[in-house]
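What follows is one structure encoded as structure tokens, with my remarks underneath.
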Amino acid sequence: MVDSVQNNGTNNTALYTALGAGVGAVGGAAYGKYLTKPYLKDNAPSDQFIRTAHDTLNDSNAAKAGEKAKETAKTALKDKEIDALKGELKANAATYGLAEVKDSEGKVTKDLDKVIEEYVGSESDKAKLAEKMANSADEAAKKAVQDSHVSGQKIGDAIDEITKLADDAKAEDVKAAVKKHAEAFGIKAEDADVDALVGSKKASELKTILEDKLKSTKETVESFFSEGKLKAEADIAEDSKPAFKAVKDAIGKLTNKAALKWGGIAAAVLGVIGLGAGLATKKAPEKAPEEEQHISAQA
């Protein structure tokens with residue numbers, strides 16, 4: 001009997017806790033996703049939104065570059081014979097993502113002819129080889145765009161750190177910050193490159209250099225908003241719809257992140273409330289019959 005009552009109390013506690021956590025997670029997620037609007041600040045696109053959109057827009061641009069390269073290759077390679085396709089590979093190797101292979105010391109371990117030979121393999125169907133080359137042109141173009149891209153978060157982190165420096169900050173502190181965020185500035189983390197960039201520039205001027213890297217993204221994002229609200233897709237020009245979708249993807253990333261954050265907080269809070277409710281309803285253990293008889297005998 002004692003075990004039965006205690007187990008019932010424990011089960012109630014677990015039930016209340018689980019229900020509290022579950023309701024909290026759902027409600028908190030809804031709050032974080034739909035009410036807080038983490039992509040806005042003072043009714044305008046937030047800095048974090050701009051930084052996130054910088055990356056989603058680049059993904060869109062990479063895909064667009066790949067599609068264009070593929071279509072160009074298809075047109076150029078159409079009906080060419082195998083030997084002509086091989087000649088195209090050698091003449092424009094970079095277009096198809098091909099290059100000689102070098103070791104860590106810069107020594108050529110596989111020349112371009114060998115690379116092309118392996119790429120073509122035993123393929124004798126000109127249409128299949130042309131299709132393979134068109135796909136390679138697609139991938140090479142996308143990779144080129146992605147490789148030249150610096151993430152919005154890295155640029156944002158650099159902006160945040162440079163912002164902390166006053167214009168009369170020590171030269172060594174400014175150079176240390178620039179060296180730390182060399183990638184965001186688009187330079188190598190070498191003293192000579194850092195010195196060349198910094199020169200006699202003030203921290204505020206360096207901040208402007210970084211902000212300019214996000215200027216195009218900011219202008220694009222802002223063009224899709226009106227009075228703090230995202231425009232309807234029907235109002236977006238056809239050639240801008242890929243960018244519009246990229247901006248919507250950025251919003252999705254931020255709202256989903258907010259949903260996870262608020263859902264977790266609410267789940268924890270309501271889970272504790274549920275635990276309290278469970279404990280409050282838990283009954284005190286009943287005395288076993290043998291214990292009651294022993295007490296009566298003593299009386």
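By the 4.5 Å heavy-atom criterion applied to side chains, P45 and I50 are counted as neighbours. Residues V247 and T56 form no side-chain contact, since every pair of their non-hydrogen atoms from C-beta on lies 4.5 Å or further apart. For the pair E131 and K70, the minimum side-chain heavy-atom distance is below 4.5 Å. Taking the side chain as every heavy atom from C-beta outward, T72 and T95 never approach each other to under 4.5 Å. Residues L206 and F185 form a side-chain contact, since some pair of their non-hydrogen atoms from C-beta on lies under 4.5 Å apart. Side-chain contact between E67 and D138 is absent, with no heavy atoms from C-beta onward closer than 4.5 Å. The side-chain heavy atoms of D111 and K114, taken from C-beta on, include a pair separated by under 4.5 Å.
L129 forms part of a hydrophobic cluster together with L77, I82, L85, L89, Y96, L98, V101, L112, V115, I116, Y119, V120, M133, judged by ILVMFWY side-chain heavy-atom separations under 4.5 Å.
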Problem - From CA spacing to verdict: side chain to side chain contact (heavy atoms under 4.5 Å, CB included), H181, E161 - result: CA-CA 9 Å; H181 298 285; E161 184 154 346; 2.9 Å; yes
Exercise for the section: For the pair N135 and E139, evaluate side-chain hydrogen bond (donor to acceptor under 3.5 Å, both in side chains) and give the outcome as yes or no after the intermediate values. Expected result: CA-CA 6 Å; N135 289 332; E139 292 302 316; over 6 Å; no
Practice task
Could you check T52 against I251 for side chain to side chain contact (heavy atoms under 4.5 Å, CB included), going step by step and ending with a plain yes or no?
Solution key: CA-CA 8 Å; T52 302; I251 291 175; over 6 Å; no
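Residues A134 and A73 come closest through the heavy atom pair CA-CB, 3.9 Å. What you find for I159 and T163 is that their closest heavy atoms are O-OG1, 2.6 Å. Considering all non-hydrogen atoms of both residues, S60 and P242 come closest at OG-O, 3.5 Å. The minimum heavy-atom distance linking A127 with D125 is given by the pair N-OD1, 2.9 Å. Between A65 and A141, the closest heavy-atom pair is O-CB, 3.7 Å.
Ionic pairing of E88 and K86 is not present here: no N-O contact between side-chain nitrogen and carboxylate oxygen is shorter than 4.0 angstrom. Residues K90 and D113 are paired through a salt bridge, judged by an N-O separation under 4.0 Å between the basic side chain and the carboxylate. Salt bridge status for K253 with D55: absent, with no side-chain N to carboxylate O gap under 4.0 Å. Between D160 and K164, no side-chain nitrogen of the basic residue sits less than 4.0 Å from a carboxylate oxygen of the acidic one, so the salt-bridge criterion is not met. Between K110 and E118 a salt bridge is recorded (basic side-chain N to carboxylate O distance below 4.0 Å). Between K107 and D103 no salt bridge is recorded (no basic side-chain N to carboxylate O distance below 4.0 Å). With salt bridges taken as basic N to acidic carboxylate O contacts below 4.0 Å, none links K128 and E123.
Legend: side chain to side chain donor-acceptor pair (under 3.5 Å) pairs involving residues 215-235, not counting sequence neighbours, sorted by first then second residue: H54-T217. Counting only residues at least two apart or in different chains, side chain to side chain donor-acceptor pair (under 3.5 Å) contacts with residues 193-205 comprise D167-S204, K175-D195.
Note: E190 CD to K179 NZ = 7.0 Å, rounded to the nearest 0.5 Å. Atom NZ of K126 is separated from atom CD of E81 by 4.0 Å, given to the nearest 0.5 angstrom. Within the model, atoms CG of L230 and NZ of K37 stand 10.0 Å from one another, a figure rounded to the nearest 0.5 Å. One distance of note links NZ of K143 with OG of S148; it measures 10.5 Å at 0.5 Å rounding. With values rounded to the nearest 0.5 angstrom, I162 atom CD1 is found 11.0 Å from E211 atom CD. Once rounded to the nearest 0.5 Å, the distance linking NZ of K142 with CG of D59 reads 10.5 Å.
Counting non-hydrogen atoms of neighbouring residues, nucleotides and ligands closer than 6.0 angstrom, the NZ atom of K132 exceeds 12 such neighbours. With a 6.0 Å radius and a threshold of 12 heavy atoms from other residues, nucleotides or ligands, K80 has its NZ atom above the threshold. Few gaps surround NZ on K241; more than 12 heavy atoms of other groups in view lie less than 6.0 Å from it.
Using a 30° and 60° split on the angle between ring planes, F49 and F225 fall in the perpendicular class, above 60°.
A single hydrophobic cluster is seen to contain both V150 and L214, as judged by linkage of ILVMFWY side chains at heavy-atom distances under 4.5 Å, directly or through other members.
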